[in-house]
Amino acid sequence: MNGTLTTGDIRTAIPLGSIAATDKTIFEHIHSWLVTVDHKRLGLMYIIYALVFFVVAGIEASLIRIQLAAPNNHFLSPQVFNQLFTMHGTTMVFLVGMPMIFGFANYLVPLMIGARDLAFPRLNAFGFWLSVFGGLLLYFSFIGGEGMTGAGSAPDVGWFAYAPLTGKAFSKGHSTDYWILGIMIGGFGSIATAANIITTILSMRCRGMTLAKMPLLAWLNLIMCGMVLIAVSPLTAAQIMLLLDRFAGSHFFDTQAGGSATLWMHFFWIFGHPEVYVLIIPAFAFASEIIPVFSRKAIFGYPVMVGATLAIAFVSLSVWAHHMFTIGMTSTGNTFFAISTMMVGIPTGIKIFNWLGTMWGGKLRFDTPMLFSTAFLFQFLIAGLTGIMLAAAPFNWQLNDSYFVIAHFHFVLVGALIFMIFAAVYYWFPKATGRLLSERFGKWHFWLFLIGFHMTFVTMHVPGILGMPRRIYTYEAGRGWGIWNLICTIGVAFQVIGTLIFVINILLSLRKGRPAGNDPWDAWTLEWSTSSPPPEYNFAEVPTVKSRRPLWDIKHPSDPDWKFE
Amino acid sequence: MKTAPELDLISCPESRDAGTTSSRPGARLTRWVGRASLPFYWLVTFILIQQGAALAAEKADPALVPSIFSPESAPAHAISHLAGFVLVITGAIFVVVAGLLVYAVVRFRRRANDDETEPAQVYGSGPVETAWTTVPFLIVVVLTLTTARVIQEVQDARKPAAALDVQVIGHQWWWEIRYPKLGIVTANELHVPVSQGRERLPTFLDLRSADVVHSFWVPRLAGKTDLIPNKVNSMWIEPERTGLFVGQCAKYCGTQHAKMLLRVYVDTREDFDRWVKEQKQLAENDPTAAAGRLVFERTACINCHAVNGTVGNGRFGPDLTHLMGRATLGSGALTNSLEGLRAWIKSPEQFKPGVLMPAMNLNDADLDKLAAYLATLK
C-alpha cells in the first residue's frame, strides 16, 4: 500500500457488521447504498444490475425463439420481433456483459491486490450510476408511443445499428436516439471505470506485489480495461456523429447526401471486435483463478498466460474487418483480415493448453465453480474452432450473417462468458455474503443449463449451413430449417429453468446458506485472507506478499511458492 | 416459367392457411404474455412445439434447401472445398484437445481414497510451451495460405468476354434486376443461362442499393455480397445445372428483411434466349382487360410501377411489364395468381406488414378489373 492509509484510519473506520446492527430504517439502508463509494458495494450493485438485465434479455431471447420455433409463425409481429432482437443484443453486450465484468473487477481487484478501495472511489460511483441511467434510458423506450405491448419506440435497427438504416430517412421517431444515448452514456461510465481500475492496479498494489506477482485476474483486468479505453472511444465518436446526422443535418452516414455506410461499419467494428475480447478476457481471468484452486495446482505457465493475453489484446485491434468480409473489400484487404484473425487463434490456443496443463496431474474437485469452468473450456474450444472457420474469408462469405454466426458468438458469449460468470458467482458468493450457495441447486443449475445450451446452440449451426440468414422474423416451410429451429427453442426451456434455479439458489442461500468462513475453497489469493464479507476497509492490516499465491505460502511454510517462482 | 411443383413450395397457399389457424391462439397468447409473461410463455412454447412438429414433419424438397454444402456453381464449389478442408483441420484439433480435456477430467479427478496432500506443483515448462505455440502457428500458416488462394480464385477471377452482365439493385424489400445490355428490367427473379459444355458462360452481377444495406445470397451458387448505397460491388456465378435456386437478403434491412426472397432460375441457353425475347417485348395489351388498364393508369400505381407500353414508368416499385412471368408477389410474400394479385393489392399490409406499398382503397369492381388486367401481363 502506498501510504495513503494508516492504522489510525482503520481505527476510525466502522466495520460493516456494526452498521447492520444499528437501528437504521429501511430508507437509511437504501440511502447508504445509493451514496456508497465502497468498491464492494458498487461491485455488488453492478452484478445485481447485470443479473436483472440478464433475466430481461433472457425473456427477450425466449420470445424470439418461440417466434422462430415453426415456419410462418405469427406469435410476434415483424416490428416487435425486430425490436426484441435489437434489445436482446444491445442488452446482453452493454447492460449484462459490461456491468458484469466491471462488477467483478470492482469487487475483486482491490481485494486481490491488497488495496482498500479503487484509486478514485467517487469516480467509481459516478461510472456505475452512468451505466444505470444509460440502461434505464434505453429501456424507457419501451414505454410511450404504443406503450408496452406494441413495444413502444424501442430501437429496431439491430445491435450494431448499420447506417443508413439509422438515419432519419429510414428510422423515424426516436427509437434510434434511445439506442444512441443509452449506450453512449453507459460508454462514458465504462471509460471512467476502466481508467479507475488501471490506475488502481498500477499504483495501489500491496507491498511485495510486483506486476509479475499479481494474480492473473488482476493482469487480465488490467489488459481488459486498457482495451476498453481504446475500443469504446471510437464507438462514442461514431455515436456523436450519428447524433449530428440525426439532429444537426450533417451527412457522415447519410448515404442519400453522399455519406458513407461503410464508415459506420469500420467505426462500429473497431469498437465491436475488441469489445468481444473485453468481454471474454474477464472470463479467462475467472478461469485462471478458479481452475488452479480446484485442480490444487499453481497456474501452468503464468508468464505465458500474461503474454498470450497481451498478444490477444494487441492482435484483436487489427481484426475488426472480419465482420465485413462481404462488403466488397479488395482481395488484399480480405486476405489481411483473414490472416490477422487466424493469428488470434495462436495465443488463444496457448491459453487453453495452459489451463489443461494446470489440470494435468492435479486433484480435480468438481464443485459447481469447477463444473462451469470445465464446460467453459470445452465450449470455448468449439467457439475458437468455429471462429477459425469464419476467419477463412471465402467460407465467411457463406456463413456471414447466417445462423452459423449466431451459434458461434453465443458459444463465445454464453458458452464461455456466461458460464464463467456463473462459475465466478458460485466461487465468490461466499466471500461477498459469508454464505455458500447450495451445491445441490448448483448442480441442477449446471446440468440443466449445459443441456439446454448445447441443444440450442450446437443445433443452431445447422440452419446457418442450410442458408438461414439471421434477423428474419419468419421463414418458409420447405427449406429444411423448421426442425432445427424447433430443437433450438426447446433447448431454451432448459436454460430458463436452469436460470430460475440459479436465481432461487441466490435468494435462498442469502438467508439460509451454509456459513462460508473466510476461505471455503482452500484458495490462495488475498481476498480469502480477510473475513466474509470483508470489512469496509478490506484488510485490518495491509498485507505483504512474497509470491503469486500468498496464502499457499502461509499454508505451506516449508514449501513456499516464492522459492520457485 | 414457373412450374407447378415449385409453386407448391413457396409460402402460400398451404402455409398461409397454417398461419391463419395459428394466428388466433397467437394473438390471444400475446395478450397473456403481456399480463403475466414468465409462467405462461412456456405453455405457449409447448403449444407451438406441437404445431411446429407438425410443420417440421413436412418433407422439404432437397433441391430447395439452400445448403452451402450442395454447391452447383463455380464460386460455391471453391468455397465448399475450402470449407471441407477447414472442417477437417478444425475437426482434428477438436478431437485432440477435447480428448485431452476429457482424459484430464477422468484421470485426475480427486478419488474418494485420496489423501489430503496437495499434488506436485508445476509452474510451467519452456519446451512444452514452445511446442504448443509452434504447432498452432504451423496450422495457421497452412490455413492462411489455403484461404488466400481461394480468395484470389474467387475475387480476382477474370471475366470472360461472353459473360452475361446483370445489375441487381436492393430496395426495401425487393430486388430490382436489370440486364443493361439486353434492355430488360424485372424484379425478384433472376434468370441466367447455364454454363455447360463448350464455352464458359458465367454471370457477373453488379450490386447496388437504392436505400439501405442489403446482401445478395443464394448459397448454392456463391457466397454473399452486400449491396451498399454509394458503392458498386460485384460478384459472379457460374451455375452448371439448370433449375431453381433460392436465396434471400442476408443483411438486416428493416421491418421486412425476412420477406426479401430471391429466386434464381438457371435455364438452358435456348430457354434463356426465349425468355430474353419475351422480356424485350412491350406489355401485353389485351383488349378484354382495357378497363383494368384504365384503372392502373388512373391510380397512383403508375407513380411507382412501370408497365412498358403504358404511361406507367415509376421506378420506386417493381417493373410489372411481364409480371405474370414471376412466381411470387411481394418478393416472396405470396403466390402470384389472379386471386393472389387481388388480395395483395387490396391489402399488402396483410401479407407483408410494414411494406412500403400502400393499400389503394379501390372499390371491389375496380379491384377486380385491375387484378384481371395485371394477370394479362404475361
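Throughout, a chain's letter reflects where its sequence line sits, starting with A, and its residues are numbered from 1.
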Specify which of A:Met265, A:Met370, A:His556, A:Arg549 makes the most heavy-atom pairs with chain B at under 4.5 Å. A:Arg549
Relative to each other, are the rings of B:Trp132 and A:Phe353 parallel, tilted or perpendicular (30° and 60° limits)? parallel
If you count heavy-atom pairs under 4.5 Å with chain B, which of A:Thr332, A:Ile346, A:Thr335 comes out on top? A:Ile346
Exam field: side chain A:Trp397 to backbone B:Ala76, donor-acceptor pair closer than 3.5 Å: no
Is there a side-chain contact between A:Phe380 and A:Lys351 in this structure, where contact means two heavy atoms from C-beta onward sitting under 4.5 Å apart? no
When you measure from the side chain of A:Asn485 to the backbone N and O of A:Trp481, does any donor-acceptor pair fall under 3.5 Å? yes
Just say parallel, tilted or perpendicular for the rings of A:Tyr162 and A:Phe160, cut-offs at 30° and 60°. tilted
Would you mind telling me which of B:Val154, B:Asp156, B:Val105 has the largest number of heavy-atom pairs within less than 4.5 Å of chain A? B:Val105
Is the backbone N or O of A:Lys297 less than 3.5 Å from a side-chain atom of A:Ser295, with the two atoms forming a donor-acceptor pair by type? no
Measuring heavy-atom distances to chain A, does B:Ala78 have an atom under 4.5 Å in its side chain, in its backbone, in both, or in neither? neither
Please classify the contact between B:Ser125 and chain A as side chain, backbone, both or neither, with a heavy-atom cut-off of under 4.5 Å. both
Which bit of A:Tyr473 is near chain B, if near means a heavy-atom gap under 4.5 Å: side chain, backbone, both or neither? both
I'd like to verify something: which residue of A:Leu165, A:Thr386, A:Asp559 has the highest number of heavy-atom pairs under 4.5 Å with chain B? A:Leu165
For A:Trp355, which atoms come within 4.5 Å of any heavy atom of chain B: side chain, backbone, both, or neither? neither
Once side chain to side chain donor-acceptor pair (under 3.5 Å) is applied, do any residues pair with A:Asp156, and if so which ones, sequence neighbours excluded? none
Where does A:Ser77 contact chain B at under 4.5 Å (heavy atoms): side chain, backbone, both or neither? neither
Is there a donor-acceptor contact under 3.5 Å from the side chain of A:Arg296 to the main chain of B:Gln121? no
At a 4.5 Å cut-off on heavy atoms, which part of A:Thr358 comes close to chain B: side chain, backbone, both, or neither? neither
Among B:Cys249, B:Gly254, B:Ser209, residue most engaged with chain A (heavy-atom pairs, under 4.5 Å): B:Gly254
Measuring heavy-atom distances to chain B, does A:Ile352 have an atom under 4.5 Å in its side chain, in its backbone, in both, or in neither? side chain
So which part of A:Asn354 gets closer than 4.5 Å to some heavy atom of chain B, the side chain, the backbone, both or neither? both
Under 3.5 Å, is there a donor-acceptor pair between the side chain of B:Asn233 and the main chain of B:Leu227? no
Given the options A:Pro394, A:Gly328, A:Ser402, which has more heavy-atom pairs under 4.5 Å with chain B than any of the others? A:Pro394
Examine whether an atom of B:Leu143 lies under 4.5 Å from a heavy atom of chain A, and if so say whether it belongs to the side chain, the backbone or both; otherwise answer neither. both
What part of A:Trp484 is in contact with chain B, defined as an atom under 4.5 angstrom from a non-hydrogen atom: side chain, backbone, both or neither? neither
Chain B contact via A:Ile327 - which portion, at a heavy-atom distance below 4.5 Å: both
Ignoring hydrogens and angles, tell me if any N or O in the side chain of A:Glu60 forms a donor-acceptor pair with the backbone of A:Thr86 under 3.5 Å. no
Proximal component of B:Thr134, with respect to chain A [non-hydrogen, under 4.5 Å]: neither
Minimum side-chain heavy-atom gap A:Thr341-A:Leu390 below 4.5 Å: no
Per-residue contact mode, B:Ile68 against chain A (heavy atom under 4.5 angstrom): both
Closest-packed option against chain A by number of heavy-atom pairs under 4.5 Å, given B:Glu153, B:Arg107, B:Lys259: B:Lys259
Under 4.5 Å to a heavy atom of chain B? For A:Phe325 that would be neither
If you count heavy-atom pairs under 4.5 Å with chain A, which of B:Arg110, B:Arg220, B:Lys224 comes out on top? B:Lys224
Under 4.5 Å from any heavy atom of chain B, what part of A:Val462 do you find: side chain, backbone, both or neither? neither
With a 4.0 Å cut-off, would you call A:Lys363 and B:Asp115 a salt bridge? yes
Contact origin within A:Ala163 toward chain B - heavy atom pairs under 4.5 Å: backbone
So, the part of A:Phe85 with a heavy atom under 4.5 Å from chain B: the answer is side chain
So what's closer than 4.5 Å to chain B heavy atoms on A:Met468: side chain, backbone, both or neither? backbone
Partner chain B: residue of A:Leu466, A:Ile472, A:Ile388 with the largest heavy-atom pair count (under 4.5 Å): A:Leu466
Shorter than 4.5 Å, heavy atoms on both sides: which option in B:Val102, B:Ile93, B:Val246, B:Ile89 has the most such pairs with chain A? B:Val246
For A:Thr489 and A:Arg65, indicate whether the former's side chain and the latter's backbone hold a donor-acceptor pair under 3.5 Å. yes
Identify every side-chain donor-acceptor pair in residues 210-217 of chain B under 3.5 Å, counting partners at least two apart or on other chains, and give the distances.
from     : atom 1 : to       : atom 2 : distance (Å)
B:Asp211 : OD1    : B:His214 : NE2    : 2.8
B:Asp211 : OD2    : B:Gln172 : N      : 2.8
B:Ser215 : OG     : B:Thr225 : O      : 3.4
B:Ser215 : OG     : B:Asp226 : OD1    : 2.8
B:Trp217 : NE1    : A:Gln398 : OE1    : 2.7

Segment of B:Ala120 engaging chain A (4.5 angstrom heavy-atom cut-off): backbone
Decide if atom CE of A:Met389 counts as having more than 12 heavy atoms of other residues, nucleotides or ligands within a radius under 6.0 Å. yes
Counting only heavy atoms from other residues, nucleotides and ligands, does the tally under 6.0 Å from CH2 of A:Trp360 exceed 12? yes
Any idea which of A:Ile339, A:Asn400, A:Leu377, A:Leu399 has the most non-hydrogen atom pairs under 4.5 angstrom with chain B? A:Asn400
May I ask you to name which of B:Thr133, B:Thr90, B:Val150 has the most heavy-atom pairs under 4.5 Å with chain A? B:Thr90
Quick check on A:Asp561 against chain B: is it the side chain, the backbone, both or neither that has a heavy atom closer than 4.5 Å? both
If we ignore hydrogens and angles and just use 3.5 Å, is the side chain of A:Asp401 paired with the main-chain N or O of A:Pro469 as donor and acceptor? no
Looking only at heavy atoms, which two atoms of A:Lys555 and A:Trp524 are closest? And how far apart? NZ-CD1, 4.5 Å
